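First up is the structure itself, then whatever we jot down about it.
Predicted model only: the values in this text are computed from it and were never measured.
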Amino acid sequence: MKKLDKLILTSFWGPFVITMSVVVFVFLMRIMIFYIDDFVSKDLNVTDYAQLFFFFSLITVPTALPLAMLLSSLMAFGNLGEFFELTAIKSAGISVVRAMLPMFIVAIGISVFSFFFNDRVSPWANLKGYSLLYDIKTTKATLKIKEGIFYNDLPGYSIKVDEKMENGKMIGMVIYKHNSRSYELGNTEIILADSGRMYAINENRYLVIELYNGTRYTDEQGSGSSRPVYISTPAGAQTPYTNFNRQSFRHYRLTESLASFGMKRTDEGQFKYHEFMKNINDLTATADSLRNSYQETKKNLVAGSQQYYSYNYREGTDKTIKPGKWIDSLLTKPVSDSLKKDILMNTKAASNGMLSYIKSQQDYLQMKLKDASKYELERHHKYTQALSCLIMFLIGAPLGAIIKKGGFGVPVLVSILFFILLYVLTNQGDKWVKEGLVAVPVGAWMANTILLSAGIYFIDRARSDSRLFDKDVYQMFFKRIKSKWASRFGKRELITDI
(Lines give C-alpha, C1' and ligand atoms only; values in the text may rest on other atoms or scores of the structure.)
Protein backbone atom coordinates (compact mmCIF):
# COMPACT_ATOMS: atom_id res chain seq x y z
CA MET A 1 0.00 0.00 0.00
CA LYS A 2 2.89 2.36 0.64
CA LYS A 3 4.05 2.00 -2.96
CA LEU A 4 0.51 2.70 -4.18
CA ASP A 5 0.25 5.82 -2.00
CA LYS A 6 3.64 6.96 -3.24
CA LEU A 7 2.56 6.43 -6.87
CA ILE A 8 -0.61 8.48 -6.41
CA LEU A 9 1.15 11.31 -4.54
CA THR A 10 3.91 11.43 -7.16
CA SER A 11 1.33 11.85 -9.91
CA PHE A 12 -0.33 14.59 -7.83
CA TRP A 13 2.55 16.87 -6.77
CA GLY A 14 3.92 17.54 -10.26
CA PRO A 15 0.69 18.97 -11.71
CA PHE A 16 -0.01 20.78 -8.42
CA VAL A 17 3.26 22.74 -8.46
CA ILE A 18 2.96 23.53 -12.19
CA THR A 19 -0.68 24.58 -11.89
CA MET A 20 0.02 26.71 -8.83
CA SER A 21 2.84 28.52 -10.62
CA VAL A 22 0.78 29.07 -13.77
CA VAL A 23 -2.24 30.38 -11.87
CA VAL A 24 -0.14 32.83 -9.81
CA PHE A 25 1.58 33.99 -13.00
CA VAL A 26 -1.79 34.50 -14.74
CA PHE A 27 -3.13 36.55 -11.83
CA LEU A 28 0.04 38.67 -11.83
CA MET A 29 -0.29 39.30 -15.57
CA ARG A 30 -3.92 40.30 -15.01
CA ILE A 31 -2.79 42.85 -12.43
CA MET A 32 -0.07 44.10 -14.77
CA ILE A 33 -2.54 44.56 -17.65
CA PHE A 34 -5.11 46.23 -15.39
CA TYR A 35 -2.62 48.76 -13.96
CA ILE A 36 -0.31 49.09 -16.97
CA ASP A 37 -1.23 52.77 -17.45
CA ASP A 38 -0.17 53.51 -13.87
CA PHE A 39 3.24 51.86 -14.36
CA VAL A 40 4.21 53.50 -17.64
CA SER A 41 6.62 56.47 -17.54
CA LYS A 42 7.14 56.18 -13.77
CA ASP A 43 10.70 56.57 -12.53
CA LEU A 44 10.59 53.43 -10.37
CA ASN A 45 13.36 51.11 -9.28
CA VAL A 46 13.48 47.41 -10.04
CA THR A 47 13.14 46.89 -6.27
CA ASP A 48 9.74 48.60 -6.29
CA TYR A 49 8.42 46.30 -9.01
CA ALA A 50 9.95 43.24 -7.32
CA GLN A 51 8.26 44.11 -4.02
CA LEU A 52 4.92 44.72 -5.75
CA PHE A 53 5.02 41.38 -7.58
CA PHE A 54 6.10 39.57 -4.43
CA PHE A 55 3.24 40.97 -2.34
CA PHE A 56 0.63 40.32 -5.03
CA SER A 57 1.98 36.80 -5.52
CA LEU A 58 1.24 36.17 -1.85
CA ILE A 59 -2.20 37.75 -2.24
CA THR A 60 -3.12 35.40 -5.10
CA VAL A 61 -2.07 32.21 -3.27
CA PRO A 62 -5.44 31.66 -1.44
CA THR A 63 -7.28 32.09 -4.75
CA ALA A 64 -4.90 29.85 -6.68
CA LEU A 65 -4.88 26.96 -4.18
CA PRO A 66 -8.44 25.67 -4.87
CA LEU A 67 -7.91 25.76 -8.64
CA ALA A 68 -4.53 24.03 -8.35
CA MET A 69 -6.06 21.42 -6.04
CA LEU A 70 -8.91 20.75 -8.45
CA LEU A 71 -6.79 20.51 -11.59
CA SER A 72 -3.95 18.46 -10.08
CA SER A 73 -6.26 15.91 -8.45
CA LEU A 74 -8.30 15.60 -11.65
CA MET A 75 -5.13 15.12 -13.71
CA ALA A 76 -3.67 12.61 -11.25
CA PHE A 77 -6.68 10.28 -11.30
CA GLY A 78 -7.33 11.01 -14.97
CA ASN A 79 -3.84 9.75 -15.82
CA LEU A 80 -4.34 6.67 -13.63
CA GLY A 81 -7.61 5.92 -15.42
CA GLU A 82 -6.28 6.66 -18.92
CA PHE A 83 -3.37 4.21 -18.59
CA PHE A 84 -5.55 1.56 -16.85
CA GLU A 85 -3.61 1.86 -13.61
CA LEU A 86 -6.84 2.65 -11.78
CA THR A 87 -8.40 -0.49 -13.24
CA ALA A 88 -5.47 -2.54 -11.94
CA ILE A 89 -5.88 -0.97 -8.50
CA LYS A 90 -9.56 -1.90 -8.44
CA SER A 91 -8.83 -5.46 -9.65
CA ALA A 92 -6.48 -5.85 -6.67
CA GLY A 93 -9.45 -5.28 -4.35
CA ILE A 94 -8.59 -1.66 -3.50
CA SER A 95 -11.54 0.72 -3.73
CA VAL A 96 -11.42 4.17 -5.30
CA VAL A 97 -12.06 5.79 -1.90
CA ARG A 98 -9.01 4.00 -0.44
CA ALA A 99 -6.93 5.12 -3.41
CA MET A 100 -7.99 8.71 -2.69
CA LEU A 101 -6.95 8.50 0.97
CA PRO A 102 -3.36 9.81 0.65
CA MET A 103 -4.47 12.74 -1.47
CA PHE A 104 -7.35 13.36 0.94
CA ILE A 105 -4.84 13.72 3.79
CA VAL A 106 -2.77 16.09 1.63
CA ALA A 107 -5.91 18.09 0.81
CA ILE A 108 -6.65 18.47 4.54
CA GLY A 109 -3.08 19.68 5.09
CA ILE A 110 -3.35 22.20 2.24
CA SER A 111 -6.69 23.43 3.64
CA VAL A 112 -5.10 23.97 7.07
CA PHE A 113 -2.18 25.78 5.41
CA SER A 114 -4.62 27.92 3.43
CA PHE A 115 -6.50 28.88 6.61
CA PHE A 116 -3.42 30.04 8.47
CA PHE A 117 -2.12 31.75 5.33
CA ASN A 118 -5.42 33.63 4.99
CA ASP A 119 -5.39 34.63 8.64
CA ARG A 120 -1.74 35.60 9.10
CA VAL A 121 0.00 36.24 5.77
CA SER A 122 -2.78 37.57 3.52
CA PRO A 123 -3.67 40.63 5.69
CA TRP A 124 -0.01 41.61 5.86
CA ALA A 125 0.50 41.08 2.11
CA ASN A 126 -2.69 43.02 1.29
CA LEU A 127 -1.57 45.94 3.44
CA LYS A 128 1.92 46.04 1.95
CA GLY A 129 0.86 45.36 -1.63
CA TYR A 130 -2.06 47.77 -1.94
CA SER A 131 -0.29 50.58 -0.08
CA LEU A 132 2.69 50.21 -2.45
CA LEU A 133 0.33 50.10 -5.45
CA TYR A 134 -1.36 53.29 -4.25
CA ASP A 135 2.01 55.02 -3.94
CA ILE A 136 2.97 53.93 -7.47
CA LYS A 137 -0.36 55.11 -8.89
CA THR A 138 -0.02 58.54 -7.25
CA THR A 139 3.59 58.98 -8.37
CA LYS A 140 3.91 61.43 -11.25
CA ALA A 141 5.30 60.33 -14.56
CA THR A 142 8.86 61.25 -15.42
CA LEU A 143 9.48 64.49 -17.27
CA LYS A 144 8.87 63.46 -20.88
CA ILE A 145 7.93 66.30 -23.20
CA LYS A 146 6.47 65.52 -26.62
CA GLU A 147 6.78 67.74 -29.66
CA GLY A 148 3.92 70.19 -30.24
CA ILE A 149 2.03 69.21 -27.05
CA PHE A 150 1.86 71.22 -23.83
CA TYR A 151 3.35 69.41 -20.85
CA ASN A 152 1.51 70.32 -17.61
CA ASP A 153 2.78 67.83 -15.00
CA LEU A 154 5.51 70.15 -13.72
CA PRO A 155 3.80 72.24 -10.99
CA GLY A 156 3.49 75.90 -12.01
CA TYR A 157 4.51 75.38 -15.66
CA SER A 158 3.05 74.61 -19.08
CA ILE A 159 5.80 73.82 -21.58
CA LYS A 160 5.60 73.26 -25.33
CA VAL A 161 8.48 72.38 -27.70
CA ASP A 162 8.29 72.53 -31.48
CA GLU A 163 11.18 70.14 -32.15
CA LYS A 164 13.51 67.93 -30.09
CA MET A 165 17.04 67.30 -31.35
CA GLU A 166 19.06 64.12 -30.77
CA ASN A 167 21.67 65.97 -28.68
CA GLY A 168 18.99 67.08 -26.17
CA LYS A 169 18.55 70.55 -27.64
CA MET A 170 14.99 71.82 -28.04
CA ILE A 171 13.82 74.23 -30.76
CA GLY A 172 10.95 76.71 -30.38
CA MET A 173 10.14 76.64 -26.65
CA VAL A 174 7.02 78.24 -25.14
CA ILE A 175 6.71 78.33 -21.34
CA TYR A 176 3.68 79.56 -19.39
CA LYS A 177 4.68 80.16 -15.79
CA HIS A 178 1.74 80.22 -13.35
CA ASN A 179 1.74 81.75 -9.90
CA SER A 180 -0.31 80.58 -6.93
CA ARG A 181 -3.26 82.82 -7.97
CA SER A 182 -3.35 81.79 -11.62
CA TYR A 183 -6.93 80.55 -11.26
CA GLU A 184 -8.11 84.17 -10.77
CA LEU A 185 -5.38 86.18 -12.50
CA GLY A 186 -4.73 83.95 -15.52
CA ASN A 187 -1.30 83.54 -17.13
CA THR A 188 0.92 86.35 -15.82
CA GLU A 189 4.29 85.26 -17.26
CA ILE A 190 5.15 83.87 -20.71
CA ILE A 191 8.62 82.97 -21.95
CA LEU A 192 9.42 82.45 -25.63
CA ALA A 193 12.83 81.13 -26.70
CA ASP A 194 14.39 80.07 -29.97
CA SER A 195 16.10 77.10 -28.32
CA GLY A 196 16.93 75.56 -24.96
CA ARG A 197 17.67 72.42 -23.05
CA MET A 198 16.50 70.71 -19.85
CA TYR A 199 18.47 68.52 -17.44
CA ALA A 200 18.37 67.33 -13.82
CA ILE A 201 20.98 68.02 -11.14
CA ASN A 202 21.67 66.91 -7.55
CA GLU A 203 20.60 63.29 -8.05
CA ASN A 204 17.46 64.23 -10.01
CA ARG A 205 16.17 66.45 -7.23
CA TYR A 206 16.17 69.67 -9.28
CA LEU A 207 15.34 70.50 -12.89
CA VAL A 208 17.31 73.14 -14.78
CA ILE A 209 15.76 74.85 -17.84
CA GLU A 210 18.26 76.84 -19.91
CA LEU A 211 16.81 79.09 -22.63
CA TYR A 212 18.61 80.96 -25.42
CA ASN A 213 17.62 84.00 -27.52
CA GLY A 214 14.13 84.73 -26.31
CA THR A 215 11.73 87.16 -24.68
CA ARG A 216 10.09 87.13 -21.25
CA TYR A 217 6.67 88.78 -20.84
CA THR A 218 5.31 89.51 -17.34
CA ASP A 219 2.05 91.07 -16.20
CA GLU A 220 2.31 92.30 -12.60
CA GLN A 221 -1.02 92.83 -10.86
CA GLY A 222 -1.69 95.87 -8.65
CA SER A 223 1.32 97.91 -9.68
CA GLY A 224 -0.67 101.15 -10.06
CA SER A 225 0.24 101.88 -13.67
CA SER A 226 -2.18 103.24 -16.21
CA ARG A 227 -2.93 100.16 -18.30
CA PRO A 228 -6.06 98.24 -17.17
CA VAL A 229 -6.59 94.49 -17.26
CA TYR A 230 -9.66 93.74 -19.33
CA ILE A 231 -11.51 91.43 -16.91
CA SER A 232 -15.32 91.52 -16.49
CA THR A 233 -16.20 93.17 -13.16
CA PRO A 234 -19.51 94.05 -11.50
CA ALA A 235 -20.94 97.49 -12.21
CA GLY A 236 -19.34 100.18 -10.12
CA ALA A 237 -16.37 98.01 -9.05
CA GLN A 238 -12.87 99.47 -9.26
CA THR A 239 -10.89 98.15 -12.25
CA PRO A 240 -7.49 96.71 -11.21
CA TYR A 241 -4.34 97.92 -12.96
CA THR A 242 -1.20 96.03 -13.96
CA ASN A 243 2.34 96.72 -15.05
CA PHE A 244 3.36 94.98 -18.29
CA ASN A 245 7.08 94.18 -18.74
CA ARG A 246 8.98 92.73 -21.67
CA GLN A 247 12.58 91.58 -21.37
CA SER A 248 14.81 90.16 -24.07
CA PHE A 249 17.61 87.75 -23.20
CA ARG A 250 20.36 85.71 -24.76
CA HIS A 251 20.61 83.23 -21.90
CA TYR A 252 17.98 82.63 -19.22
CA ARG A 253 18.06 79.90 -16.56
CA LEU A 254 15.25 78.44 -14.42
CA THR A 255 15.67 75.95 -11.56
CA GLU A 256 12.71 74.02 -10.13
CA SER A 257 12.37 71.24 -7.59
CA LEU A 258 11.44 67.73 -8.75
CA ALA A 259 10.32 66.61 -5.30
CA SER A 260 6.78 65.98 -6.55
CA PHE A 261 8.05 63.36 -9.06
CA GLY A 262 9.65 60.97 -6.57
CA MET A 263 7.61 58.14 -5.08
CA LYS A 264 6.63 58.85 -1.47
CA ARG A 265 5.52 56.05 0.82
CA THR A 266 2.15 56.63 2.45
CA ASP A 267 1.53 55.76 6.07
CA GLU A 268 0.23 52.18 6.02
CA GLY A 269 -2.04 52.95 8.96
CA GLN A 270 -4.38 54.71 6.52
CA PHE A 271 -5.20 51.36 4.89
CA LYS A 272 -5.69 49.22 8.01
CA TYR A 273 -9.42 49.98 8.22
CA HIS A 274 -10.14 47.75 5.20
CA GLU A 275 -11.42 44.25 5.90
CA PHE A 276 -8.75 42.68 3.65
CA MET A 277 -6.05 44.03 5.97
CA LYS A 278 -7.42 42.34 9.12
CA ASN A 279 -7.11 38.86 10.60
CA ILE A 280 -9.92 36.91 12.24
CA ASN A 281 -9.49 38.49 15.68
CA ASP A 282 -9.51 42.01 14.24
CA LEU A 283 -12.49 41.24 12.02
CA THR A 284 -14.44 39.83 14.98
CA ALA A 285 -13.64 42.83 17.18
CA THR A 286 -14.58 45.33 14.45
CA ALA A 287 -17.82 43.52 13.57
CA ASP A 288 -18.85 43.27 17.25
CA SER A 289 -18.07 46.96 17.74
CA LEU A 290 -20.24 47.92 14.77
CA ARG A 291 -23.05 45.66 15.97
CA ASN A 292 -22.93 47.19 19.45
CA SER A 293 -22.94 50.69 17.97
CA TYR A 294 -25.94 49.70 15.84
CA GLN A 295 -27.89 48.45 18.87
CA GLU A 296 -26.92 51.50 20.95
CA THR A 297 -28.05 53.91 18.24
CA LYS A 298 -31.27 51.97 17.77
CA LYS A 299 -31.94 52.10 21.53
CA ASN A 300 -31.49 55.90 21.65
CA LEU A 301 -33.77 56.63 18.70
CA VAL A 302 -36.81 57.48 20.84
CA ALA A 303 -34.85 59.63 23.25
CA GLY A 304 -33.16 61.50 20.42
CA SER A 305 -36.43 62.12 18.60
CA GLN A 306 -38.00 63.99 21.56
CA GLN A 307 -36.04 67.13 20.71
CA TYR A 308 -38.36 67.61 17.74
CA TYR A 309 -41.47 67.82 19.96
CA SER A 310 -42.44 70.70 22.25
CA TYR A 311 -44.93 70.24 25.15
CA ASN A 312 -46.23 72.91 27.52
CA TYR A 313 -47.01 71.82 31.04
CA ARG A 314 -48.07 73.63 34.14
CA GLU A 315 -45.64 73.72 37.00
CA GLY A 316 -46.08 70.87 39.44
CA THR A 317 -48.02 68.62 37.06
CA ASP A 318 -47.08 65.20 35.80
CA LYS A 319 -45.16 65.58 32.52
CA THR A 320 -45.90 62.04 31.37
CA ILE A 321 -48.29 62.08 28.43
CA LYS A 322 -51.32 59.89 29.13
CA PRO A 323 -54.30 59.27 26.87
CA GLY A 324 -57.67 60.54 28.13
CA LYS A 325 -60.61 62.89 27.65
CA TRP A 326 -58.41 65.91 28.25
CA ILE A 327 -57.10 65.59 24.67
CA ASP A 328 -60.63 65.77 23.27
CA SER A 329 -61.33 68.81 25.38
CA LEU A 330 -58.27 70.55 23.97
CA LEU A 331 -59.42 69.83 20.44
CA THR A 332 -62.83 71.46 21.06
CA LYS A 333 -61.36 74.70 22.38
CA PRO A 334 -61.84 77.69 20.04
CA VAL A 335 -58.65 78.89 18.33
CA SER A 336 -58.20 82.17 16.44
CA ASP A 337 -57.16 82.10 12.79
CA SER A 338 -53.76 83.66 13.49
CA LEU A 339 -53.04 81.14 16.25
CA LYS A 340 -54.24 78.29 14.04
CA LYS A 341 -51.85 79.43 11.35
CA ASP A 342 -48.96 79.46 13.82
CA ILE A 343 -49.92 76.00 15.06
CA LEU A 344 -49.95 74.61 11.52
CA MET A 345 -46.59 76.19 10.70
CA ASN A 346 -45.01 74.84 13.89
CA THR A 347 -46.52 71.42 13.22
CA LYS A 348 -45.18 71.37 9.66
CA ALA A 349 -41.70 72.44 10.81
CA ALA A 350 -41.67 69.79 13.54
CA SER A 351 -42.86 67.12 11.09
CA ASN A 352 -40.18 68.01 8.52
CA GLY A 353 -37.51 68.00 11.22
CA MET A 354 -38.68 64.65 12.50
CA LEU A 355 -38.79 63.20 8.96
CA SER A 356 -35.23 64.41 8.28
CA TYR A 357 -34.05 62.93 11.59
CA ILE A 358 -35.66 59.56 10.84
CA LYS A 359 -34.17 59.47 7.33
CA SER A 360 -30.65 60.31 8.54
CA GLN A 361 -30.85 57.76 11.37
CA GLN A 362 -32.15 55.11 9.00
CA ASP A 363 -29.26 55.68 6.59
CA TYR A 364 -26.80 55.66 9.49
CA LEU A 365 -28.16 52.37 10.87
CA GLN A 366 -28.13 50.74 7.44
CA MET A 367 -24.52 51.83 6.94
CA LYS A 368 -23.53 50.38 10.33
CA LEU A 369 -25.30 47.11 9.56
CA LYS A 370 -23.77 46.93 6.09
CA ASP A 371 -20.25 47.55 7.44
CA ALA A 372 -20.71 44.94 10.16
CA SER A 373 -21.92 42.40 7.58
CA LYS A 374 -18.94 43.20 5.38
CA TYR A 375 -16.45 42.42 8.15
CA GLU A 376 -18.36 39.28 9.19
CA LEU A 377 -18.43 38.14 5.58
CA GLU A 378 -14.66 38.47 5.29
CA ARG A 379 -14.23 36.54 8.54
CA HIS A 380 -16.33 33.67 7.14
CA HIS A 381 -14.29 33.74 3.93
CA LYS A 382 -11.17 32.94 5.93
CA TYR A 383 -12.80 29.55 6.57
CA THR A 384 -14.61 29.10 3.25
CA GLN A 385 -11.49 29.68 1.13
CA ALA A 386 -9.57 27.14 3.19
CA LEU A 387 -12.35 24.55 3.01
CA SER A 388 -12.76 25.09 -0.74
CA CYS A 389 -9.37 23.40 -1.25
CA LEU A 390 -10.74 20.19 0.27
CA ILE A 391 -14.01 20.51 -1.66
CA MET A 392 -12.16 20.99 -4.95
CA PHE A 393 -10.29 17.75 -4.23
CA LEU A 394 -13.60 15.95 -3.56
CA ILE A 395 -14.75 17.13 -6.99
CA GLY A 396 -11.50 16.66 -8.95
CA ALA A 397 -10.43 13.20 -7.79
CA PRO A 398 -13.70 11.33 -8.54
CA LEU A 399 -14.14 13.29 -11.78
CA GLY A 400 -10.69 12.17 -12.90
CA ALA A 401 -11.60 8.55 -12.08
CA ILE A 402 -14.84 8.90 -14.08
CA ILE A 403 -13.49 10.83 -17.10
CA LYS A 404 -10.25 8.81 -17.34
CA LYS A 405 -8.47 11.56 -19.24
CA GLY A 406 -5.12 13.06 -18.19
CA GLY A 407 -2.98 15.82 -19.59
CA PHE A 408 -4.00 19.45 -19.95
CA GLY A 409 -7.00 18.96 -22.24
CA VAL A 410 -10.27 17.86 -20.67
CA PRO A 411 -9.03 18.36 -17.06
CA VAL A 412 -8.23 22.03 -17.71
CA LEU A 413 -11.65 22.62 -19.27
CA VAL A 414 -13.52 20.91 -16.42
CA SER A 415 -11.41 22.67 -13.79
CA ILE A 416 -12.08 26.09 -15.31
CA LEU A 417 -15.81 25.40 -15.41
CA PHE A 418 -15.96 24.45 -11.73
CA PHE A 419 -13.67 27.30 -10.73
CA ILE A 420 -15.92 29.77 -12.56
CA LEU A 421 -18.90 28.20 -10.80
CA LEU A 422 -17.17 28.68 -7.44
CA TYR A 423 -16.33 32.29 -8.31
CA VAL A 424 -19.87 33.13 -9.50
CA LEU A 425 -21.59 31.50 -6.51
CA THR A 426 -19.23 33.23 -4.07
CA ASN A 427 -19.81 36.64 -5.62
CA GLN A 428 -23.56 36.07 -5.75
CA GLY A 429 -23.66 35.10 -2.09
CA ASP A 430 -21.59 38.17 -1.16
CA LYS A 431 -23.94 40.38 -3.17
CA TRP A 432 -27.02 39.00 -1.40
CA VAL A 433 -25.38 39.54 1.98
CA LYS A 434 -24.43 43.15 1.19
CA GLU A 435 -27.94 43.85 -0.05
CA GLY A 436 -29.40 42.40 3.15
CA LEU A 437 -31.32 39.63 1.37
CA VAL A 438 -29.77 36.70 3.26
CA ALA A 439 -27.88 36.21 6.51
CA VAL A 440 -24.09 36.39 6.46
CA PRO A 441 -23.46 32.63 7.05
CA VAL A 442 -25.92 31.68 4.29
CA GLY A 443 -24.30 33.90 1.68
CA ALA A 444 -20.74 33.05 2.73
CA TRP A 445 -21.22 29.26 2.74
CA MET A 446 -23.61 28.96 -0.23
CA ALA A 447 -20.89 28.19 -2.81
CA ASN A 448 -19.14 25.59 -0.64
CA THR A 449 -22.42 23.89 0.25
CA ILE A 450 -23.47 23.49 -3.40
CA LEU A 451 -20.06 22.29 -4.55
CA LEU A 452 -19.72 19.91 -1.59
CA SER A 453 -23.00 18.28 -2.66
CA ALA A 454 -21.60 17.93 -6.18
CA GLY A 455 -18.39 16.40 -4.79
CA ILE A 456 -20.29 13.81 -2.73
CA TYR A 457 -22.36 12.92 -5.80
CA PHE A 458 -19.23 12.44 -7.95
CA ILE A 459 -17.63 10.24 -5.26
CA ASP A 460 -20.73 8.05 -5.23
CA ARG A 461 -20.61 7.79 -9.05
CA ALA A 462 -16.89 6.92 -8.98
CA ARG A 463 -17.45 4.16 -6.41
CA SER A 464 -20.02 2.49 -8.65
CA ASP A 465 -17.82 2.79 -11.78
CA SER A 466 -20.32 5.13 -13.39
CA ARG A 467 -19.89 6.00 -17.05
CA LEU A 468 -21.26 9.47 -16.46
CA PHE A 469 -19.28 11.16 -19.24
CA ASP A 470 -19.22 8.35 -21.83
CA LYS A 471 -20.91 9.34 -25.07
CA ASP A 472 -22.18 5.85 -25.93
CA VAL A 473 -24.14 5.66 -22.66
CA TYR A 474 -26.27 8.61 -23.66
CA GLN A 475 -26.57 7.32 -27.23
CA MET A 476 -27.93 4.02 -25.93
CA PHE A 477 -30.27 5.88 -23.59
CA PHE A 478 -31.77 7.95 -26.40
CA LYS A 479 -32.04 4.88 -28.63
CA ARG A 480 -33.94 3.09 -25.88
CA ILE A 481 -36.35 6.00 -25.52
CA LYS A 482 -36.75 6.19 -29.28
CA SER A 483 -37.57 2.47 -29.55
CA LYS A 484 -40.11 2.69 -26.71
CA TRP A 485 -41.69 5.73 -28.32
CA ALA A 486 -41.87 3.94 -31.71
CA SER A 487 -43.33 0.75 -30.21
CA ARG A 488 -46.00 2.70 -28.31
CA PHE A 489 -47.12 4.64 -31.38
CA GLY A 490 -46.96 1.45 -33.46
CA LYS A 491 -49.47 -0.25 -31.09
CA ARG A 492 -51.79 2.75 -31.27
CA GLU A 493 -51.80 2.65 -35.09
CA LEU A 494 -52.52 -1.10 -35.00
CA ILE A 495 -55.48 -0.60 -32.64
CA THR A 496 -56.82 2.19 -34.86
CA ASP A 497 -56.66 -0.02 -37.96
CA ILE A 498 -58.56 -2.82 -36.17
Side-chain angles (χ1 to χ4, degrees), residues 23 26-27 30-31 34 59-71 73-74 107-108 110-123 125-126 130 273-291 294 365-396 398-399 414-459:
V23 172
V26 169
F27 277 109
R30 170 181 168 272
I31 293 169
F34 190 78
I59 292 171
T60 56
V61 166
T63 307
L65 278 175
L67 180 58
M69 194 74 208
L70 173 63
L71 181 57
S73 59
L74 201 154
I108 293 177
I110 292 176
S111 298
V112 173
F113 168 79
S114 177
F115 171 74
F116 284 102
F117 194 95
N118 271 327
D119 188 39
R120 304 298 172 87
V121 180
S122 288
N126 277 303
Y130 281 103
Y273 72 93
H274 202 280
E275 64 270 18
F276 293 155
M277 320 300 179
K278 297 179 179 293
N279 56 26
I280 291 178
N281 293 332
D282 295 336
L283 289 170
T284 303
T286 306
D288 291 343
S289 176
L290 290 171
R291 292 284 184 185
Y294 171 83
L365 288 173
Q366 287 179 351
M367 182 188 68
K368 286 285 185 183
L369 197 60
K370 185 177 180 180
D371 289 342
S373 300
K374 185 171 61 175
Y375 285 102
E376 289 182 0
L377 187 64
E378 182 60 25
R379 182 184 62 188
H380 280 277
H381 280 325
K382 301 288 186 184
Y383 299 95
T384 57
Q385 282 190 332
L387 190 61
S388 63
C389 297
L390 179 61
I391 293 175
M392 288 295 111
F393 161 75
L394 296 178
I395 292 175
L399 268 181
V414 175
S415 299
I416 291 175
L417 290 176
F418 276 97
F419 185 75
I420 292 175
L421 182 61
L422 173 65
Y423 179 79
V424 171
L425 290 175
T426 302
N427 285 346
Q428 189 63 44
D430 294 351
K431 181 181 178 182
W432 287 345
V433 169
K434 293 174 182 178
E435 292 176 354
L437 300 177
V438 297
V440 175
V442 175
W445 291 90
M446 180 181 71
N448 280 7
T449 304
I450 295 175
L451 292 176
L452 178 61
S453 303
I456 295 174
Y457 171 75
F458 288 138
I459 289 176

For [X] and [Y], which heavy atoms make the closest approach, and how far apart are they?
X: Asn118; Y: Pro123; result: O-CD, 3.1 Å
X: Lys382; Y: Phe115; result: O-CD1, 3.7 Å
X: Tyr375; Y: His274; result: CE2-C, 4.4 Å
X: Gly455; Y: Pro398; result: O-CG, 4.4 Å
X: Met392; Y: Ser73; result: O-OG, 4.1 Å
X: Asp282; Y: Asn279; result: N-OD1, 2.9 Å

**OP:** Would you list the pairs meeting side chain to side chain donor-acceptor pair (under 3.5 Å) in which at least one residue belongs to residues 429-440, sequence neighbours left out?
**Re:** His381-Asp430
Calculate, to the nearest 0.5 Å, the distance between atoms [atom1] and [atom2] belonging to [X] and [Y] respectively.
X: Phe393; Y: Ile110; atom1: CZ; atom2: CD1; answer: 10.0 Å
X: Phe458; Y: Leu394; atom1: CZ; atom2: CG; answer: 11.5 Å
X: Leu422; Y: Ser415; atom1: CG; atom2: OG; answer: 12.0 Å
X: Leu70; Y: Leu399; atom1: CG; atom2: CG; answer: 7.5 Å
X: Leu425; Y: Leu451; atom1: CG; atom2: CG; answer: 6.0 Å
X: Asn448; Y: His380; atom1: CG; atom2: NE2; answer: 12.0 Å

Distance-only, no hydrogens or angles: does the [X] side chain make a donor-acceptor pair with backbone N or O of [Y] under 3.5 Å?
X: Ser114; Y: Ser111; value: no
X: Ser373; Y: Leu369; value: yes
X: Ser122; Y: Asp119; value: no
X: Lys278; Y: Leu283; value: no

**OP:** Verify side-chain contact (heavy atoms from CB on, under 4.5 Å) between Val112 and Phe116, making sure each step is shown before the conclusion.
**Re:** CA-CA 6 Å; Val112 173; Phe116 284 102; 3.7 Å; yes
